[in-house]
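Since we're looking at a predicted model, the values are computed, not measured.
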Amino acid sequence: MPSRVLVIFVLGLTVCSVRPFFHHRRPRTWAPNLTFGHRTLVHEWVQLEYDWPSEAEKQRAIASGSYIPENSVISGIKLYKGRLFVTVPRWALGIPSTFNEVIVKNGRSVLRPFPSWEAQDVHNCSALQFVMSMEIDPNTGLMYLIDNGRVNTLAATPGTKALNLCPHQIHIYDLERNRFAKTHTFPDSVAHYNSSYLNDVMIDNQGYAFISDAAGAGGLIVYDSRRDRSHRHEHPSMGADPDPAARTFNINTGYSNETYFFDGPINGIAMSPSFDYLYYCALTGFNLYQVPTSLIRDPNADIGNAVRNVGRKFGQSGGIMHGEKNLYYSVHQRNAVYYWPRKGDEKRQGSSEKTVRLETQLELAQDTETFQFPDSYGWDDSGFLWLTTNRLFTYLDTEGGGLDFTGRRGANFRIFRVYVGEQSYLKRGAPLQEPTQYKCSLLVILKKAKLACKSENIFSKVRCFIRAKRDPAIVYSC
């Protein structure tokens with residue numbers, strides 16, 4: 001009898017130890033009852049705040065001019081295992097940190113320089129100079145950071161000009177080992193030292209990075225990380241559209257209707273989940289283009305006849321992003337984000353990705369006040385598309401007064417997440433995971449449930465409260 005009890009006890013221990021192992025290896029599929037397009041404001045700032053070592057250090061930086069608070073604007077955004085990273089492009093002087101992790105400290109959202117303050121040293125070409133965008137491979141934890149090297153490119157500070165301090169580079173940072181794994185310096189023939197502007201980056205499953213050069217006539221830069229070499233492609237579709245309508249942006253700022261004129265070549269790029277095609281568009285333009293990745297990986301290829309105009313978008317776009325199913329893009333004149341259900345159009349047209357036309361365009365999110373210039377996109381593992389908005393046109397309009405940092409017009413910079421039920425093009429069908437890192441505390445859930453049911457009558461209030469405190473829209477709204 002005692003031996004039988006011992007056997008049962010040992011078997012119990014075995015089962016208990018094996019189950020967590022398989023649970024870790026095979027994440028539970030998460031399918032929340034959230035409506036497509038449900039969005040949550042996660043962070044917002046009237047003026048960006050950094051995680052300074054001390055208040056005295058902050059004041060010294062302000063006094064020296066190395067920190068000019070009103071010059072900092074968020075742009076790029078990416079996530080990895082619950083960590084949130086953003087870029088602050090050095091468009092102007094006085095930006096202390098160009099690449100940061102967003103943290104909450106003493107109840108406030110602040111930017112912590114990543115990987116350190118030392119890595120942000122302007123004038124040191126081994127440090128980060130001007131990070132506009134990045135991409136993270138969720139399968140490996142490798143982060144690709146594109147660094148322009150050139151600082152003060154918009155010369156927002158009167159009497160100053162662009163500083164061509166360092167060459168353009170791409171850094172690969174290993175988030176699992178917390179170290180820089182590789183740095184590649186682009187030759188001048190690939191990224192022009194005094195004029196190129198590395199804007200957006202996508203990666204594939206073969207170690208290639210694809211980068212838009214948003215300067216001059218535009219271009220597409222390709223970096224082969226396995227061979228540590230790079231090359232460049234150019235095409236007329238990568239330039240700004242000469243049509244006056246394409247360079248005219250009529251924006252409702254929430255307080256007035258403003259018209260801005262802007263010339264910008266290729267800007268947003270997006271990788272197909274098949275890795276067979278790269279999509280791109282010019283900021284000054286309406287068309288979405290497609291080019292086979294098999295060609296642009298080849299430094300000697302002639303892509304002239306391979307570029308295809310997929311269709312005309314509802315408006316001009318900066319950032320674009322492909323998920324597992326849909327392609328998402330900004331429509332700046334509408335203060336909105338739209339999406340193209342590409343697979344649906346393929347089915348309706350009886351076509352393949354090679355021939356499909358952009359026909360169906362649906363609104364994902366729109367708001368005149370909070371969605372002014374949706375800039376950049378990122379994915380988590382739970383079906384949420386994340387994005388930054390930054391009122392960029394108002395920031396650039398220095399003659400019109402620029403951004404209002406008094407707070408009277410609300411936040412200038414925001415980070416949202418929007419539920420779309422899919423994830424990164426790099427995940428390739430992996431199951432969605434429950435987002436425990438932004439699950440509300442029980443006390444907050446109860447308060448929100450009570451608020452949601454306040455208009456119910458006394459007979460249905462209890463039933464409403466029970467439903468509400470289990471509602472994913474409430475539980476995962478933090």
Ignoring hydrogens and geometry, is there a side-chain-to-backbone donor-acceptor pair from Ser75 to Thr87 under 3.5 Å? no
Evaluate the ring planes of Tyr67 and Trp52, with Trp represented by its six-membered ring, and classify them as parallel (under 30°), tilted (30 to 60°) or perpendicular (over 60°). tilted
Parallel under 30°, tilted from 30 to 60°, perpendicular over 60°: which one fits the rings of His332 and Phe393? perpendicular
Is there a donor-acceptor pair under 3.5 Å between the side chain of Ser225 and the backbone N or O of Asp228? no
Mind checking side chain to side chain donor-acceptor pair (under 3.5 Å) for Glu399 and listing every partner two or more places apart, or none if nothing turns up? none
Looking at Asn335 and Asn252, would you say the former's side chain and the latter's main chain have a donor-acceptor pair under 3.5 Å? yes
Parallel, tilted or perpendicular: which describes the rings of Tyr50 and Trp117, with under 30° parallel and over 60° perpendicular? tilted
If you take all heavy atoms of His184 and Arg229, which pair is closest and at what distance? CE1-CA, 4.0 Å
Whether the side chain of Glu324 engages the backbone of Pro273 through a donor-acceptor N/O pair (distance < 3.5 Å, no angle test) should be reported. no
What pair of heavy atoms forms the shortest contact from Met132 to Leu198, and how long is it? CB-O, 3.5 Å
Short side-chain to backbone donor-acceptor contact, Arg232 and Leu220, under 3.5 Å: no
Within the distance-only criterion (no hydrogens, no angle test), does the side chain of Asp200 pair as donor or acceptor with the backbone N or O of Gly268 below 3.5 angstrom? no
Less than 4.0 angstrom from a charged side-chain N to a carboxylate O is my criterion; do Glu49 and Arg112 meet it? no
Classify the ring geometry between Trp386 and Tyr438 as parallel (under 30°), tilted (30 to 60°) or perpendicular (over 60°). perpendicular
Does the ring centre of Phe416 sit less than 6.0 Å away from the ring centre of Phe371? yes
Would you call the rings of Phe405 and Phe413 parallel, tilted or perpendicular if under 30° counts as parallel and over 60° as perpendicular? tilted
Tell me whether the rings of His322 and Tyr279 are parallel (<30°), tilted (30 to 60°) or perpendicular (>60°). tilted
Around Lys447, counting heavy atoms of other residues, nucleotides and ligands shown, do more than 12 lie under 6.0 Å from its NZ? no
Is a donor on one side and an acceptor on the other found under 3.5 Å between the side chain of Ser133 and the backbone of Asn199? yes
Would you call Arg414-Glu44 a salt bridge at under 4.0 Å N-O? yes
Counting only heavy atoms not in Lys439, do more than 12 fall under 6.0 Å of its NZ? no
Any donor-acceptor pair under 3.5 Å linking the side chain of Gln120 with the backbone of Thr98? yes
Does Phe384 offer a backbone N or O that forms a donor-acceptor pair with the side chain of Asp380 under 3.5 Å? yes
